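Presented below is the structure to which this report refers.
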Number of protein chains: 4
Amino acid sequence: MSGRSTEILEAARDLFSRNGYESTSVSDIAGAVGVADGAIYRHFPSKRAVLYEVIREFYEPVIVMARRNIAGIGDVRQRLRYLIWLQVRAFTEQPELCRLIIAEARPMEDYYESEIADLNRRYTSLLVEVVLDGQRHGTFRDDVEPTMVRDLVYGGIEHIAWGAVTGRSEIDPNVIADDLTRLICTGLDVSRTQERESGLVAQVARLEALIDRMES
Amino acid sequence: MSGRSTEILEAARDLFSRNGYESTSVSDIAGAVGVADGAIYRHFPSKRAVLYEVIREFYEPVIVMARRNIAGIGDVRQRLRYLIWLQVRAFTEQPELCRLIIAEARPMEDYYESEIADLNRRYTSLLVEVVLDGQRHGTFRDDVEPTMVRDLVYGGIEHIAWGAVTGRSEIDPNVIADDLTRLICTGLDVSRTQERESGLVAQVARLEALIDRMES
Amino acid sequence: MSGRSTEILEAARDLFSRNGYESTSVSDIAGAVGVADGAIYRHFPSKRAVLYEVIREFYEPVIVMARRNIAGIGDVRQRLRYLIWLQVRAFTEQPELCRLIIAEARPMEDYYESEIADLNRRYTSLLVEVVLDGQRHGTFRDDVEPTMVRDLVYGGIEHIAWGAVTGRSEIDPNVIADDLTRLICTGLDVSRTQERESGLVAQVARLEALIDRMES
Amino acid sequence: MSGRSTEILEAARDLFSRNGYESTSVSDIAGAVGVADGAIYRHFPSKRAVLYEVIREFYEPVIVMARRNIAGIGDVRQRLRYLIWLQVRAFTEQPELCRLIIAEARPMEDYYESEIADLNRRYTSLLVEVVLDGQRHGTFRDDVEPTMVRDLVYGGIEHIAWGAVTGRSEIDPNVIADDLTRLICTGLDVSRTQERESGLVAQVARLEALIDRMES
DNA sequence: AATGAATGAGTATTCATTCAT
DNA sequence: AATGAATGAATACTCATTCAT
């Protein structure tokens, strides 16, 4: 990667973030770098390739970091929470890039054949792995499709954080991560088992009292 | 609503579904209806207004039906499941319209000020109401933000169903609805309370056996 | 002229004055009157005919009044001044209509074949008549084309008053009329004839002095 | 100014002159030059910019020439006559461009903020300078606003020459210039001083006859 | 007199990409 | 690596006028 390519990517990232992909012309990028329009095509085959590379540069380190950090977290629920927190934080720290990916890159015709979709799959598969791990170790129920959990988490975060992306609300990644992790892990129900548990506890208490009396 | 407006909307819905909003020209719509281009503008102020009306016509009956059907379902979990099922079924029955809304209408600049966004808010607020209801009746924990549940469910379904929308996979609304409802309600954890329950059950069993023996 | 026609003309005059001819649609006029678009065409053959009638209604009373008032002014220079004043006052009192005529009606292709051009000719010919009168009575030099005076006066006033029409300056019709009349009548020169006169006066004075001496 | 820009301006000038600004499409211009439509926009930001540049190219040399030639004319009346003649000749030599400026460019909304209006102000201010000069040297009366003279001359010429522009009459710049200059300078009045002069001349004649007799 | 739906031609502008230099 | 001029397709929208009712 020559320095010129880096300059182009930096300019493109700034312009795409600020004005969006559609509203940014190749000339804008070239102008920001200080080269002629045609020069862009010495480094990238198309404007879309520039977009994809901008996104890749944003994505890849996150994947690497996530993979490394997950490996250092023992508890499977904490690993899940970390991935949730990481994603929420991406939305709060880089809202423009998240908007770019979701509202501009993903609706593109060839997105699902692109390297970006692949990156995304690699990234979200980390969460699938965590769920599978939890299932293998008996922490998570194994009658749940890990991919459904993945879609639920990433789709959910997208909606939860979209207000922050569009500047209509603010969120705290830690609070969201805590709440969402708990919701995903323990569910919405006031646990039936808790209810039964209460019943059992009462029964046990009664039995123990009976035994006490019998023993006395 | 004159018959001509209806014709225009039907033609537009078909063309938008088949080819997308951007790839459909006003002339295409007029041609499909069999009128001159300008005639469109006697019924709609702009091409975008046609899109919004197409979406509104799709959305509004769903809201009405959902509201009515929910009222007839007693169990709060069943109400939740119904809303989930309804949304998943929308993605399987009308994938093109869902794609149109998510990939073309929603990324538009003025979407969040549009009537469509409002319709969506009204629609998804049904689920918020269900959750609140569940919390009031003690079925659902009340330490969970109902709006977070709403975002989780609708964002999750979007991701879960997207493969079906883009024709890369198939899904069964009933299966998805069951799985997702259970996941949302009871969570991912092999219930800590279940563990404790198991302990309790065993303890109770032991105690009862003891009493049995003592009584015998 | 039915009341409806009058209503249409009044609405058109207001709209043309406020927004200009091009920016006013037939629908605007019909809407202002409270009738259907097509109704306009029961009263006028075209939008342009409405414009021309609006202008005619503005022009004709001015001509009648000018003709009558001129007849009552004895002095030919005062008649000239009156026509100048009348025109300048039109620009200050009805700047929008003047703008409409000059900037929108006159550049039209068929203007010079229109009734409006004819009205204008009739109107400006009053000034030609005044000049001819002045020439016949020896008040004005007869080696000047009256039509040139006409063009000079009306073209000049147009430029003098244009700043007021476009709201970039203000003018007083009386001041302009006085100054312009004097300029037209007596010209710019510190009179050459005054110089010659001075010479003659001196010569006469010398001759008279001589005669005085001779006679004495 | 590249050769391509020049070609575009030449084609545009011809087409604008022949067919008018409104009736000339950008495609017409591009076709006349032999380039693609988009090429125009590499040289000019808009169709209007092409018009303004066409007018500027016509105007600017005239200003330069006028300024230079005026400097070489000693007599202030001759300088005035020259400016009048120059303007009348513009109308006879370049009637289409004059029509373009007066009937198409000047009625435009943003004309008075354009560079063209500025050029016009610079051009007509030459005449203001001449009048001021004449006033300073005592040739012209100083109780006349030079700007009024400017408006009178240029507005007047516009009307005088308009018949020639629209092909309804022919004019001779020299004749017009002579007549107009004299009218502007000496005015319409059969000079009161002339009258007095006539009286003086008669008196002188009488005196001289008397002297003759006395001497004889 | 009135309606009002329908007509349908007409156009400036953008911009990713190429290629001769 | 770089230039930068050239390409050329592609499209929403307006509105004066008509005419069947």
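The structure displayed is predicted, hence computed values, not measured ones. Excluded from the calculations below are hydrogen atoms, water molecules and symmetry mates; all remaining heavy atoms, backbone and side chain alike, are included. Letters A, B, ... are given to chains in the order of the sequence lines, protein chains preceding strands, and every chain is numbered from 1.
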Next item on the list: Apply salt bridge (charged side-chain N to carboxylate O under 4.0 Å, His left out) to the pair B/Arg56 and B/Glu53, showing each step before the final yes or no.
Entry: CA-CA 5 Å; B/Arg56 207 184 59 74; B/Glu53 186 60 20; 2.7 Å; yes
Next item on the list: Verify the contact: side-chain N or O of C/His43 to OP1 or OP2 of E/dA2, cut-off strictly under 4.0 Å; return yes or no.
Entry: yes
Next item on the list: Choose from E/dT18, F/dT7, E/dT13 the nucleotide whose nearest atom is closest to any side-chain atom of D/Tyr41.
Entry: E/dT13
Notebook entry, point to check: Rounded to whole angstroms, how far apart are CE on C/Met108 and P on F/dA16?
Noted result: 11 Å
Margin query: Between P on E/dA2 and CZ on C/Phe44, what's the gap in Å once rounded to a whole number?
Written below: 12 Å
Checklist line | For E/dA5, the Watson-Crick or wobble partner whose two distances fall under 3.5 Å | finding: F/dT18
Notebook entry, point to check: Can you check salt bridge (charged side-chain N to carboxylate O under 4.0 Å, His left out) on C/Arg4 and C/Glu7, steps first, answer last?
Noted result: CA-CA 5 Å; C/Arg4 185 48 54 88; C/Glu7 286 180 81; 3.2 Å; yes
Check: Could you state the CG-P distance from B/Asp37 to E/dA5, rounded to the nearest angstrom?
Finding: 18 Å
Notebook entry, point to check: Can a salt bridge be assigned to the pair A/Arg99 and A/Glu96 using a cut-off of 4.0 Å between side-chain N and carboxylate O?
Noted result: no
Next item on the list: Report yes if a donor N or O on one partner sits less than 3.5 Å from an acceptor N or O on the other, where the partners are the side chain of A/Arg42 and the base of F/dT3; otherwise report no.
Entry: yes
Next item on the list: Grab the CZ-C1' distance between D/Arg4 and F/dG4 for me, whole Å please.
Entry: 13 Å
Notebook entry, point to check: Have A/Asp14 and A/Ser17 got a donor and an acceptor in their side chains that come within less than 3.5 Å?
Noted result: no
Notebook entry, point to check: Of the residues in residues 10-30 of chain C, which ones touch DNA chain F at a heavy-atom distance under 4.0 Å?
Noted result: C/Thr24, C/Ser25, C/Val26
Checklist line | Residue closer to the 5' end of DNA chain E, D/Gly38 versus C/Gly34 (nearest nucleotide) | finding: C/Gly34
Checklist line | Rounded distance (Å) that lies between atom P of E/dA6 and atom CD1 of B/Ile8 | finding: 8 Å
Item checked: Rounded distance in Å - CG (A/Leu51) to C1' (E/dA16) -> 14 Å
Checklist line | SB check B/Arg106 B/Glu158 (cutoff 4.0 Å) | finding: yes
Notebook entry, point to check: Over how many whole Å does the gap from D/Ile40 atom CD1 to E/dT14 atom C1' extend?
Noted result: 14 Å
